[in-house]
Amino acid sequence: MKRGSSSQLKEAINALCRVLGASGGGPSPETFRQAKFNQAPATAEFWKLLWSLLKKVYVEESSAPVNEAENLDVQIRFVKSVLWFHGYGTSEFYRLPEDGSQGSRELLLAFSWLLHKVHLLEKLLEVSKLVLGDEITVCTCPGCPPPRPRTRNETPSKEAEVDVRYLQWLNGKLQFSWRALHAAQQEKCAAVHKIHSYTRGFHPSSSIGHFSITEVDIIREPEKYSELLQSIESENSRLEAYLDWKDLEPVYWQWMESVLKSKLEDRRGLQLQDIDNQSFALPVVDTYPGNPSSVKEIEELTEEFVALHNDLQEMVTCKRASWNEKIKEKEKELLNDAQFYLTATKIRQRVDNEAESLRQNYGEDKNKMHGSHRLVFKDTTYSVKRGSATLGHKDPSMKDLHATEVIRVLRVKGDALEKELRQLQEECRTKLEAIAEAFEGVVCIPPPKT
């Protein structure tokens, strides 16, 4: 690598380390250099880095055990499960020992894959950003967000899987937790509404017009202002480091090409070493290209291969023609069958209905809402003029998302899910009735329809 590009590489890795170190416990640039040459001292530090980053992005702080940070094998299994969940397919990575003794280059490649494929830095900045306003997360995308990887064994025992009472207990516990969560969310919304309505007209920004919970907390306790200022400065430094990283990111990926080449060269060297360690008894045959006997044998084999290829082509053509004739005869028989025609018509109608339902629910871009939005209280009956500006003024840089629109989209989505649930319940009821009819002397009373 040239001297100019070497200095740019140092700057790129330094910027990357600053972004990672802003979230706590970032690596040093020397760790990346050691990992390129697959040195052992960088292995444990990379496992710790991957575990801390993935835990911060995918796992809530309250869901992880306290002693999990002390067990390296637990960290390694968690990192492997997350990478497996996202589709990382390098087998050498999953064969790394759980004692963290080797494999620093594989960890560097896995870390770089997460940067490119999963956008790990962007997600890290998203979860660690400083929230000054009252925000809410709205997502109506189909299949989003993905399920979080498991941090511990959540599979019940065999007795629990068989026992129906255990499932009933889990269902009741889930319903109770859901109701408690819903009640707590309602109380939070009521408190936020009171703060927004009581502080109308006091915010300097005309597009907001009221204070948030954080701003009210600072007004009540001014000593927290210094802590907030430090948090803002830390986030600004993190964002500046991210901008420096984006400017120098191509240099990092060029360096990663050299890391991959080093891995391939080491693998090739191991293969050659294995070949040297084995003994082969090769026959000595004079088969250089100028030998007439060798040329004659090659010509004979070529002619034989061409003849076999032609025979195979004719066989495939005959088989295909006979198969097509059988398919046409079967189609004629099925078309004459009235029962098959009715069944095919029902299936076609069901497919058309399902496709139309999917187009209505997920086809329009306006129904796909994703991301965090700031809660702003808008009252059409209340407006306070501040010079030429009004609190009801709309900032063109902000994309409004009204609560009524979100409620309407969620209701449509809920109705579609309830309809699908009723169809599945009816199918299960039909199957249970068919199974119950097979028992002699047993009377099965199905549950009432809900």
Side-chain angles (χ1 to χ4, degrees), residues 1 5-39 42-59 75-94 96 100 103-129 144-146 148-149 234-235 237-264 370-371:
M1 186 174 289
S5 59
S6 177
S7 61
Q8 290 182 349
L9 176 62
K10 291 181 180 178
E11 294 178 2
I13 295 180
N14 283 327
L16 179 60
C17 293
R18 292 204 310 271
V19 178
L20 299 174
S23 60
S28 62
E30 179 65 18
T31 305
F32 286 84
R33 189 195 67 82
Q34 293 177 354
K36 176 183 178 180
F37 300 102
N38 203 18
Q39 297 180 3
T43 306
E45 190 169 354
F46 253 106
W47 278 122
K48 182 180 179 181
L49 172 66
L50 288 173
W51 176 78
S52 60
L53 295 178
L54 296 176
K55 176 176 174 292
K56 190 175 184 62
V57 172
Y58 292 102
V59 181
Q75 298 178 12
I76 292 175
R77 286 196 297 269
F78 173 74
V79 172
K80 288 182 179 180
S81 65
V82 175
L83 284 164
W84 179 266
F85 173 79
H86 284 290
Y88 188 63
T90 305
S91 59
E92 291 88 347
F93 171 77
Y94 299 102
L96 293 178
S104 58
R105 182 188 293 153
E106 288 296 333
L107 295 176
L108 175 61
L109 293 172
F111 170 75
S112 302
W113 184 86
L114 287 173
L115 291 182
H116 174 71
K117 186 70 175 180
V118 189
H119 306 288
L120 185 61
L121 286 185
E122 288 76 7
K123 289 187 177 182
L124 183 65
L125 293 174
E126 180 68 22
V127 298
S128 60
K129 71 176 181 179
C144 183
R148 292 181 174 181
S234 176
E235 185 173 9
S237 63
R238 187 188 309 127
L239 294 175
E240 289 175 357
Y242 177 74
L243 293 177
D244 295 339
W245 155 255
K246 294 302 290 184
D247 292 337
L248 299 171
E249 186 179 6
V251 181
Y252 176 81
W253 295 117
Q254 291 178 0
W255 178 70
M256 285 305 301
E257 291 180 0
S258 65
V259 175
L260 188 59
K261 289 180 181 178
S262 301
K263 175 186 174 180
L264 296 177
H370 181 81

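For this chain, numbers begin at 1 and follow the sequence in order. Only heavy atoms go into these numbers, but all of them, side chains included; no hydrogens, no water, no symmetry mates.
- In this structure, F111 and L16 have side chains that are in contact, with non-hydrogen atoms separated by less than 4.5 Å.
- S258 places a side-chain N or O within donor-acceptor distance of the main-chain N or O of W255, the cut-off being under 3.5 Å.
- Under the 3.5 Å distance criterion, with hydrogens and angles disregarded, no donor-acceptor pair is assigned to the side chains of W253 and E257.
- Panel note: side chain N38, backbone R105; a donor-acceptor pair is recorded below 3.5 Å.
- S234 and S237 share no donor-acceptor pair across their side chains, judged by distance under 3.5 Å alone.
- Considering only heavy atoms from C-beta on, L50 comes within 4.5 Å of L114 through its side chain.
- Ring pair F93/W47 is tilted by interplanar angle, where 30° to 60° counts as tilted.
- Between L83 and A110, the closest heavy-atom pair is CD1-CB, 4.0 Å.
- You'll find the side chain of M256 reaches within 4.5 Å of the side chain of L109, heavy atoms only.
- For E11, there are no salt bridge (charged side-chain N to carboxylate O under 4.0 Å, His left out) partners, not counting sequence neighbours.
- Between K36 and V259, the shortest heavy-atom distance links the atoms CG-CG2, 3.6 Å.
- Heavy atoms from other residues, nucleotides or ligands lying under 6.0 Å from NZ of K129 number more than 12.
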Between K123 and E126, does a salt bridge (Lys or Arg N to Asp or Glu O under 4.0 Å) hold up when you go through it step by step? CA-CA 5 Å; K123 289 187 177 182; E126 180 68 22; over 6 Å; no
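- Contact of the L243 side chain with the L239 side chain is not registered, since no non-hydrogen atoms from C-beta on lie closer than 4.5 Å.
- Annotation: ring pair (Phe, Tyr, Trp, His ring centres under 6.0 Å) contacts of F37 (sequence neighbours excluded): none.
- For the pair A241 and A15, the tightest heavy-atom approach, listed with the atom from each and the gap, is O-CB, 3.7 Å.
- Residues K56 and S128 have side chains in contact (heavy-atom distance under 4.5 Å, counting atoms from C-beta outward).
- Taking the six-membered ring where the residue is Trp, W113 and Y88 present tilted rings, their angle falling between 30° and 60°.
- Atom CD in E30 sits 10.0 Å away from atom CD1 in I13 (nearest 0.5 Å).
- Between K48 and Q75 the shortest heavy-atom distance is CA-OE1, 4.1 Å.
- Although no hydrogens or angles enter the test, the distance criterion places a donor-acceptor pair under 3.5 Å between the side chain of S112 and the main chain of L108.
- Closest non-hydrogen pair, K80 versus L96, comes out as NZ-O, 2.8 Å.
- The shortest distance between side-chain heavy atoms of V79 and L54 falls below 4.5 Å.
- Ring centers of H86 and Y58: under 6.0 Å apart, within the cut-off.
- The structure places CH2 of W245 at 11.5 Å from CG of D247, a figure rounded to the nearest 0.5 Å.
- Atom CD of Q34 sits about 10.0 Å away from atom CZ of F46, to the nearest 0.5 Å.
- Y94 contributes atom OH, which lies 6.0 Å from atom CH2 of W84 (distance to the nearest 0.5 angstrom).
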Would E240 and R18 count as a salt bridge (Lys or Arg N to Asp or Glu O under 4.0 Å) if you check the C-alpha gap in whole Å, the side-chain angles of each, and the deciding distance to 0.1 Å? CA-CA 9 Å; E240 289 175 357; R18 292 204 310 271; over 6 Å; no
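- Side-chain contact between K263 and T90: present, with at least one pair of heavy atoms (C-beta onward) separated by less than 4.5 Å.
- Of the possible donor and acceptor atoms, none in the side chain of T31 sits under 3.5 Å from a partner among the backbone N and O of A42.
- Shortest non-hydrogen contact noted between L20 and L124 is CD2-CD2, 4.3 Å.
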